[in-house]
2 protein chains.
Amino acid sequence: MMNVLIVEDEKQIANSLKKSFESEGYDCEVCYDGERALDVISSQYFDVFLLDWRIPKVSGIEVCKRVRESNNQTPIILLTALSDVKNKIEAFNYGADDYITKPFSFEEVLARINAVVRRYKTSVSTIEFDNLSLNLIKHTLQNSEVEVKLPEMEFELLRYFLEHRASIISREKLCDDVWKLPYTPTTNVVDVTVKHLRYKLEELSEKKYIKTVYGEGYIFITE
Amino acid sequence: MMNVLIVEDEKQIANSLKKSFESEGYDCEVCYDGERALDVISSQYFDVFLLDWRIPKVSGIEVCKRVRESNNQTPIILLTALSDVKNKIEAFNYGADDYITKPFSFEEVLARINAVVRRYKTSVSTIEFDNLSLNLIKHTLQNSEVEVKLPEMEFELLRYFLEHRASIISREKLCDDVWKLPYTPTTNVVDVTVKHLRYKLEELSEKKYIKTVYGEGYIFITE
DNA sequence: AACAATTGTGAAAAATTTTTCATTATTAAT
DNA sequence: ATTAATAATGAAAAATTTTTCACAATTGTT
């Protein structure tokens, strides 16, 4: 089910939105200012943020900007009473995904939210972790300075680790799921590839992400 | 560089858009009706379609619908003089990506186009052509029955061809753009890779997609 | 038809990636 | 501390991919 964060200080609008969303079966949370919003955002998962432009303390566009700076790509829709073009351009430049001018109908909000979320869900093209990023299209691993290309198997292994963070994974499972080998524990490909991958990871960050759990397998820890 | 298709029967608007785009360095093509648009779309690559709602023969929304039915996910922005909400919802339901109400400024068009294309480029995970599909994540080429893995360079080459369908591409350009070689016409890597790729393509479909243009280069034709 | 230019091909060389193997290092348990 | 099990490592073998090369085939032009 979908989780919406509404950030809007006009309580009438906020409450009416909340009710409408809930009648559609969406979960939603309301904040009345930008500061509170940033707080909530940093500690909770949402599928989309609905931000009013003019809100107390930290403006909607500023929230938008900070969210993107923290590498959070959750879709953002801005609400505003201003309809002049300059603002729209500013909004897109700060990484907003859509823009709705007041007054709006709830149906329009719903349509735009669905469009934006559907798009986002099928769009994740990088996996971010710590201060690194794995590009799923280019098969590269990058920090803010360097970008290295990972060979096939190292890429697949890292992707698997990232999608199974913080749980112990046995070599057999890796053989199965990553290598798709017909059950062969007489090989140490996994060990060797882990070694290669560790080496590449250490080139970009000193941290040790892949921990060995003696007798059990590996575990990928982000922090 | 970006390729825009403008479908708009009001020639004044169409031409003004075309000029503005060209001064931004975008390539663009204009059609004055929906029928022609569908024709052009099926034989040429564009990064985005800018469709007026009310155009002769086949309406903008109908073009939108048919484009999506043919499995083409190119971003679509609809232009319209009508501002009522029902149409917006209809537009999104038919798979439009954005919606601009007339009158608009060129800057707004530009901002929305860039937003939509940026989103799309990072979101697309397959390129469909004919009855084949290139999976950009798995680097596989598939028809309804078989799936083959393409090695790196064959994959990159095919992707490049698909993004530049129906135009002649010289070997030098391919060396530059796909191989990123520092200008070397003393090699025939391109020829050889084309050969490999042709072989794989023929495994999945009898058609000959990559045509040679004697003395000029190659051209990828979808139909 | 003869030609020069251009393109296609098979095979092998070169480069890269993947896997194996023998050995060393580390771990947990006695 | 010793030991047996498990993991890490360096180096090389095997497999795959990329690139080169020499030659054959095709094309457009005369």
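Values in this document were obtained by computation on a predicted structure and should not be read as measured data.
Put simply, B:Arg171 has no side-chain N or O that comes within less than 4.0 Å of OP1 or OP2 on C:dT6. A sub-4.0 Å separation between OP1 or OP2 of D:dT20 and a side-chain N or O of B:Thr187 is present. Distances shorter than 4.0 Å separate some side-chain N or O of A:Arg198 from OP1 or OP2 on D:dA8. At D:dA8, one or more side-chain N or O atoms of A:Thr212 fall inside 4.0 Å of OP1 or OP2 (strictly under the cut-off). Checking the phosphate oxygens (OP1, OP2) of D:dT19, a side-chain nitrogen or oxygen of B:Trp179 falls inside 4.0 Å.
Looking at A:Tyr214, its side chain has no donor and acceptor atom pair within 3.5 Å of the base of D:dA7. In this model, a side-chain donor or acceptor of B:Asn188 finds a partner on the base of C:dT9 within 3.5 Å.
Salt bridge status for A:Arg198 with A:Asp191: absent, with no side-chain N to carboxylate O gap under 4.0 Å. The pair A:Glu156-A:Lys180 does not count as a salt bridge, with every side-chain nitrogen at least 4.0 angstrom from each carboxylate oxygen. For A:Asp177 and A:Arg159, the salt-bridge test fails: no basic side-chain N is under 4.0 Å from an acidic carboxylate O.
Rounded to whole Å, atom P of D:dC23 lies 18 Å from atom CG of B:Asp191. Taking atom CE on B:Met153 and atom P on C:dA14, their separation rounds to 20 Å, with Å as the unit. Across the protein-nucleic acid pair, A:Glu154 atom CD and C:dT18 atom C1' stand 10 Å apart, rounded to whole Å. One can place NE2 of B:His139 at 16 Å from C1' of C:dT17, the figure rounded to the nearest angstrom. Put simply, CD1 on A:Ile168 is 12 Å from P on D:dA7, counting in whole angstrom units. Rounded to an integer number of Å, the gap from A:Lys211 NZ to C:dT26 P is 18 Å. When rounded to the nearest whole Å, the span between CG of A:Leu197 and C1' of C:dT17 equals 14 Å. Taking atom CG of A:Leu174 as the reference point, atom C1' of D:dA7 lies 14 Å away to the nearest angstrom.
Using a 3.5 Å distance cut-off with no hydrogens or angles, the side chains of B:Asp130 and B:Tyr209 do pair a donor with an acceptor. In this structure, a donor-acceptor pair under 3.5 Å is present between the side chains of A:Arg171 and A:Tyr218.
For A:Lys195, the listed nucleotide lying nearest its side chain is D:dT9; candidates were C:dT19, D:dT9, D:dT19. When each of C:dT18, D:dA7, D:dT19 is scored by its nearest atom to the side-chain atoms of B:His196, the top-ranked nucleotide is D:dT19. Checked against C:dT18, D:dT19, C:dT20, the side chain of A:Pro151 finds its nearest nucleotide in C:dT18.
Residue B:Val194 is out of contact with every strand shown, counting any heavy-atom pair closer than 4.0 Å. Across all strands, A:Glu152 comes closer than 4.0 Å only to sugar-phosphate atoms, never to a base (heavy-atom distances). If you check every strand for non-hydrogen atoms under 4.0 Å, B:Tyr218 touches sugar and phosphate atoms only. Looking at heavy-atom distances under 4.0 Å, B:Glu216 makes contact with sugar-phosphate atoms alone, never a base. Backbone-only contact: B:Val213 has heavy atoms under 4.0 Å from sugar-phosphate atoms and none from a base.
Under the 30°/60° scheme for interplanar angles, the aromatic rings of A:His139 and B:His139 are found to lie parallel.
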